[in-house]
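This report refers to the structure that appears directly beneath it.
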Amino acid sequence: MRSIWITILLTATSLAAAPADFAGTWKVRYAGPPMTSPKTIGSMIFAITIDGDHVRGMAHIGSWPGVAPIADGKVEGDRISFTARGYLSSATGSPTCLLEGTTSGSDLVIHLSQIKSIGGPGAGGMYEYRGGKLDDAAAKAAKIEALTFLSRPRRAYPEFPSANEADQI
């Protein structure tokens, strides 16, 4: 009888320690009080791949910093952390964001706790975002929406050459 209880206890312990499934595409939205979010980061999309306890992938972090590769990522149980350095520069430079989160089932809570860009949006603050994993169709739609948003500056500034004109320069 004692060996049965030990087996049950060991099985329960190993199940509880299993890492969360962070692989896939996630979308989170700002969860704090209205008008208190970083002005350029209302939502974020993460395309995450997991290799052991290492995290890789791409992030779309609002309109600025925009698309950013995931780096320095790790998973520990139901916790994930990584940095993402944006490509979109501004007067304050190209930002590096620190993101830390937890998951419970299909829900993801992410804390954007630091943006390394002096004077950048949210520098020094901590902001909470909540969302969930997207199925394949929703992930594709979210990625298209993000890419469409990123293409807006070209349409907003007609003096920018089109892709064909840029090739001829």
Side-chain angles (χ1 to χ4, degrees), residues 8-88 90 94-117 120-153:
I8 291 172
L9 180 62
L10 290 174
T11 302
T13 303
S14 67
L15 290 176
D21 183 17
F22 286 101
T25 303
W26 299 80
K27 184 171 185 175
V28 295
R29 296 183 192 283
Y30 180 67
M35 306 302 289
T36 62
S37 71
K39 66 181 178 179
T40 62
I41 309 174
S43 66
M44 297 182 273
I45 300 168
F46 307 111
I48 297 173
T49 57
I50 304 294
D51 182 13
D53 63 350
H54 293 80
V55 178
R56 290 192 208 105
M58 292 297 286
H60 177 261
I61 304 173
S63 61
W64 185 79
V67 176
I70 291 173
D72 305 319
K74 62 183 174 181
V75 173
E76 296 174 345
D78 67 344
R79 298 188 173 285
I80 188 170
S81 64
F82 55 90
T83 61
R85 184 171 188 267
Y87 288 114
L88 297 177
S90 75
S94 296
T96 300
C97 302
L98 173 62
L99 299 123
E100 300 172 300
T102 59
T103 186
S104 175
S106 63
D107 296 328
L108 177 66
V109 176
I110 288 283
H111 290 101
L112 173 64
S113 60
Q114 181 180 19
I115 300 176
K116 295 178 184 174
S117 178
M126 182 167 69
Y127 303 91
E128 185 174 296
Y129 293 77
R130 292 178 177 266
K133 190 178 273 190
L134 302 177
D135 62 30
D136 289 341
K140 184 176 180 180
K143 289 173 187 175
I144 289 171
E145 178 185 349
L147 291 172
T148 301
F149 185 85
L150 289 173
S151 71
R152 286 183 184 162

(request) Apply side-chain contact (heavy atoms from CB on, under 4.5 Å) to Thr103 and Trp26, showing your working. (result) CA-CA 11 Å; Thr103 186; Trp26 299 80; 4.0 Å; yes
Specify the closest pair of heavy atoms between [X] and [Y], including all atoms of both residues, with the distance to one decimal.
X      : Y      : result
Leu134 : Lys27  : CD1-CB, 3.9 Å
Ser81  : Glu100 : CB-CG, 3.9 Å
Thr49  : Gly57  : OG1-N, 4.3 Å
Met44  : Ile110 : CE-CG2, 4.2 Å
Phe22  : Gly77  : CE1-O, 4.0 Å
Ala84  : Ile61  : CB-CD1, 3.7 Å

(request) Drop me the distance from His60's NE2 to Phe46's CZ, to the nearest 0.5 angstrom. (result) 11.0 Å
(request) First locate atom OG1 of Thr25, then atom NZ of Lys140, and finally report the distance between them rounded to the nearest 0.5 Å. (result) 12.5 Å
Donor-acceptor contact below 3.5 Å, side chain [X] vs main chain [Y]:
X      : Y      : result
Lys133 : Leu108 : no
Asp135 : Ala138 : yes
Thr83  : Ala71  : yes
Tyr127 : Ile41  : no

(message) Taking the side chain as everything from C-beta on, heavy atoms only, tell me whether Arg130 gets closer than 4.5 Å to Val28.
(response) no
(message) Can you confirm whether Glu76 sits close enough to Asp53 that some side-chain heavy atom of one is under 4.5 Å from a side-chain heavy atom of the other?
(response) no
(message) So if I apply the side-chain contact (heavy atoms from CB on, under 4.5 Å) rule between Phe82 and each of Val75, Asp72, Leu99, which one comes out positive?
(response) Leu99
(request) Take Ile50 and Val55 through the side-chain contact (heavy atoms from CB on, under 4.5 Å) test and state the conclusion after the steps. (result) CA-CA 5 Å; Ile50 304 294; Val55 178; 3.8 Å; yes
